[in-house]
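Convention: sequence-line order gives letters A, B, ...; per-chain numbering from 1.
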Amino acid sequence: MGKELDEIFDSFDKKAIFKDKFLLQAEHKPTAIPHREEQIKQIAAILAPVLRGERTSNLFLYGKTGTGKTLSIQFVRDELLKRARKNPDFNLRIEYINCKLRKVSDTEYRILAELIKKLGGSVPDTGLPTVAVYNKFIEIIDKEKLILILIFDEIDQAVKKISDNFLYNLTRLNSELSKSQIGVIGISNDLTFLDSLDPRIKSSLSEEELVFPPYNALQLQEILKKRAMFAFKSGVLQDGVIEKCAAFAAREHGDARRALDLLRIAGELAERDNSNKIHVKYIDEANEKIERDKILDVVKTEPKQFQLVLLAIVELSELQKDKKEPVFTGDVYNLYQELCKKHKTEILTQRRVSDIIQEFDMLGIINVRVISKGRGGRMREIKLVVSNKIAEKVKEIIHDSLNYN
DNA sequence: GTCAATTCACATGAAAGAGACCACGGTCTAGTG
DNA sequence: CTAGACCGTGGTCTCTTTCATGTGAATTGACGA
């Protein structure tokens with residue numbers, strides 16, 4: 001056994017593939033962001049007044065995932081902070097909050113708590129009235145002259161969960177501050193988000209707007225090439241690998257992050273195979289692996305009731321596959337009830353299951369469309385978007401986790 | 001045949017309850033001098 | 001006398017139920033050509 005392990009470790013030691021894998025990881029911040037020069041300049045121009053200690057216009061950024069929004073804004077942020085340090089007249093703080101992380105920001109309370117924590121205060125996780133947290137927030141900010149810029153990434157998620165008067169409160173907060181000033185930057189990948197807002201909030205939040213268009217395949221290639229040059233040893237990339245990665249990602253609305261992930265995982269797969277070259281086939285494998293990991297991870301961590309609902313969906317779509325009939329809400333609910341009985345679990349109402357189905361849609365495991373069959377009623381048409389192989393795996397996992405507790 | 005009303009099977013919303021967690025302030029207890 | 005243990009109250013959170021209202025088009029049925 002020891003010898004075998006040695007072999008495994010040895011082969012990793014040789015590092016046949018990577019020179020610097022970190023360059024391909026999502027956390028890596030490149031020093032240059034290709035094809036985003038224009039946006040960066042504009043952001044900088046909009047935010048520049050903070051260097052004089054003035055409030056900036058609120059700013060709103062759109063763009064699909066992986067179009068460089070977060071990267072660009074963080075780039076500008078770092079530059080601003082670098083400069084502002086030289087000016088002792090006031091404090092500049094730019095805080096970044098990702099509203100997608102559930103633990104951080106499912107509620108108004110938590111977002112505020114998170115902000116306060118970042119600003120050096122502390123708030124209990126629960127127990128205080130929200131108003132008290134607001135007051136504490138204001139108190140902390142207004143202690144001294146502070147120019148505060150709040151960046152809310154994926155702000156649409158937060159608003160969906162909370163309601164938009166959170167944003168209203170926030171934009172109105174300036175009037176309660178005597179010394180300090182707050183600027184808000186919202187980032188959203190839902191292009192229709194602004195339209196769904198209350199007009200008053202909309203106008204105050206989006207004093208400035210900026211759109212990040214998706215990268216096209218050529219741009220993606222360029223980005224990948226730049227990174228790959230330093231991330232991989234020379235000569236490990238087979239011809240066409242970059243092109244294929246770019247093509248895959250371009251299909252996914254020009255998602256650069258996805259492209260980089262693909263490349264990195266393809267590299268890892270090659271490494272595991274003891275290959276010293278990344279072949280095109282590894283890209284396909286990597287693509288599959290990303291999908292699989294994403295879904296299996298979700299499935300594993302989902303609570304029992306969710307798993308039962310998903311199991312019902314998976315089994316039904318299996319049944320219906322030959323007939324080419326899609327699955328509908330009612331079918332799912334019926335089977336779900338049976339499964340609950342079988343596993344001695346209490347049965348949730350249809351109302352709740354309806355919501356659960358919708359959550360699976362948002363997680364990207366199923367595809368949902370509301371259709372009307374005329375007098376036959378109105379319901380969701382549910383399609384599983386995972387391959388058969390993964391669906392099988394999902395079933396296995398759910399069965400396991402249901403039987404073990 | 002045509003057109004509006006009807007009807008189905010849910011979707012979608014709003015409100016509120018249950019049970020868990022927690023902070024805060026007050027009261028009680030035990031250890032200390 | 002004081003620090004810490006121990007309540008009770010009131011707040012939040014998540015998950016869920018209950019009640020209410022909305023909805024798109026197939027079907028129905030009355031109507032007129």
Side-chain angles (χ1 to χ4, degrees), chain A residues 97-117 121-140 156-166 168-170 190 192-193 195-198 298-313 316-317 320 325-341 343-363 366-383 401-402 405:
Chain A
I97 296 231
N98 191 340
C99 303
K100 203 182 181 179
L101 306 172
R102 297 190 67 188
K103 286 280 150 53
V104 178
S105 58
D106 253 6
T107 67
E108 189 170 6
Y109 185 102
R110 285 206 198 146
I111 289 184
L112 283 170
E114 179 70 12
L115 278 172
I116 290 175
K117 216 186 324 164
S122 74
V123 196
D125 287 345
T126 166
L128 290 183
T130 309
V131 184
V133 186
Y134 254 109
N135 290 337
K136 178 143 190 178
F137 181 58
I138 291 173
E139 186 189 311
I140 287 184
D156 43 335
Q157 302 284 327
V159 171
K160 214 178 290 166
K161 291 258 172 188
I162 308 172
S163 96
D164 47 10
N165 60 31
F166 165 63
Y168 181 65
N169 289 341
L170 211 58
D190 177 6
T192 62
F193 170 67
D195 298 328
S196 64
L197 284 180
D198 186 308
V298 170
V299 173
K300 264 183 231 160
T301 53
E302 221 60 41
K304 207 172 181 180
Q305 298 288 1
F306 282 62
Q307 293 189 335
L308 282 165
V309 174
L310 186 57
L311 185 59
I313 294 172
L316 278 174
S317 11
Q320 304 284 38
E325 285 275 304
V327 181
F328 301 107
T329 313
D331 309 337
V332 173
Y333 189 63
N334 289 338
L335 181 54
Y336 160 80
Q337 281 177 301
E338 280 175 38
L339 289 172
C340 279
K341 274 182 211 146
H343 287 95
K344 301 205 176 13
T345 312
E346 52 182 327
I347 301 169
L348 299 181
T349 43
Q350 180 157 314
R351 179 71 188 80
R352 180 64 186 139
V353 171
S354 181
D355 278 350
I356 291 176
I357 290 172
Q358 213 184 356
E359 288 193 44
F360 278 127
D361 179 43
M362 293 217 285
L363 289 169
I366 59 177
N367 235 321
V368 148
R369 201 159 55 101
V370 177
I371 56 155
S372 174
K373 293 186 145 189
R375 203 156 194 207
R378 202 162 171 276
M379 62 200 92
R380 288 202 179 93
E381 180 188 279
I382 301 164
K383 273 189 253 159
S401 82
L402 287 176
N405 41 42

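Taking OH of A/Tyr336 as the start and CG of A/Leu316 as the end, the distance is 14.0 Å to the nearest 0.5 Å.
Each of C/dT16, B/dA11, B/dC10 was ranked by its minimum atom distance to the side chain of A/Arg352; first place goes to C/dT16. Comparing C/dC13, C/dT16, B/dT12 against the side chain of A/Arg110 picks out C/dC13 as the nearest.
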Quick one: which protein N/O atoms are closer than 3.5 Å to N/O atoms of nucleotides 25-27 of chain C? Pair and distance per line, please.
from, atom 1, to, atom 2, distance (Å)
C/dA25, O4', A/Ser372, OG, 3.4
C/dA26, O4', A/Arg375, N, 3.1

Tabulated below should be each protein N or O lying under 3.5 Å from an N or O of nucleotides 20-23 of chain C; please produce it.
from, atom 1, to, atom 2, distance (Å)
C/dT23, O2, A/Arg378, NE, 3.4

Write out a two-atom table: protein N or O, nucleotide N or O from nucleotides 23-26 of chain B, distance below 3.5 Å.
none

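Rounding to whole angstrom units, CD1 of residue A/Ile371 and P of B/dC10 are separated by 11 Å. Between the CG atom of A/Asp361 and the P atom of B/dT12 there is a distance of 10 Å, given to the nearest Å. If you measure from atom CD of A/Gln350 to atom C1' of C/dT16, you get 15 Å, rounded to the nearest angstrom. One atom, CG of A/Asp331, and another, P of B/dA9, lie 12 Å apart when rounded to the nearest Å. Counting to the nearest Å, the P atom of B/dT12 and the CZ atom of A/Arg369 are 13 Å from each other. As rounded to whole Å, 12 Å separates atom C1' of B/dA14 from atom CG of A/Asp355. With rounding to whole Å, A/Leu112 atom CG is found 13 Å from C/dT12 atom P. In this structure, A/Met379 places its CE atom 11 Å from C1' of C/dG24, rounding to the nearest Å.
Formation of a donor-acceptor pair under 3.5 Å by the A/Gln305 side chain with backbone atoms of A/Cys340 is not found in this model. Using modelled atom types, one side-chain atom of A/Arg380 and one backbone atom of A/Ser354 make a donor-acceptor pair closer than 3.5 Å. With hydrogens and angles ignored, the 3.5 Å screen pairs a side-chain donor or acceptor of A/Ser317 with a backbone N or O of A/Ile313.
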Intermediate values then yes/no, side chain to side chain contact (heavy atoms under 4.5 Å, CB included), A/Leu402 and A/Leu311: CA-CA 11 Å; A/Leu402 287 176; A/Leu311 185 59; 4.3 Å; yes
Under the side chain to side chain contact (heavy atoms under 4.5 Å, CB included) criterion, do A/Ile356 and A/Leu348 qualify, and how do the steps go? CA-CA 10 Å; A/Ile356 291 176; A/Leu348 299 181; 4.0 Å; yes
Which is it for A/Val368 and A/Phe360 under the side chain to side chain contact (heavy atoms under 4.5 Å, CB included) test, yes or no, and what are the steps along the way? CA-CA 9 Å; A/Val368 148; A/Phe360 278 127; over 6 Å; no
Show the numbers, then the answer: is there a side chain to side chain contact (heavy atoms under 4.5 Å, CB included) between A/Ile347 and A/Tyr333? CA-CA 10 Å; A/Ile347 301 169; A/Tyr333 189 63; 3.9 Å; yes
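What you find for A/Arg352 and A/Glu359 is that their closest heavy atoms are NH1-OE2, 4.1 Å.
The existence of a salt bridge linking A/Lys341 and A/Glu338 is excluded, since no basic side-chain nitrogen approaches an acidic carboxylate oxygen closer than 4.0 Å.
No side-chain heavy atom of A/Ile382 sits less than 4.5 Å from a side-chain heavy atom of A/Asn367. No side-chain heavy atom of A/Leu310 sits less than 4.5 Å from a side-chain heavy atom of A/Gln307.
OP1 or OP2 of C/dT17 sits under 4.0 Å from a side-chain N or O of A/Thr349.
Residue contacts shown for A/Ile347 are limited to sugar-phosphate atoms, with no base heavy atom under 4.0 Å away.
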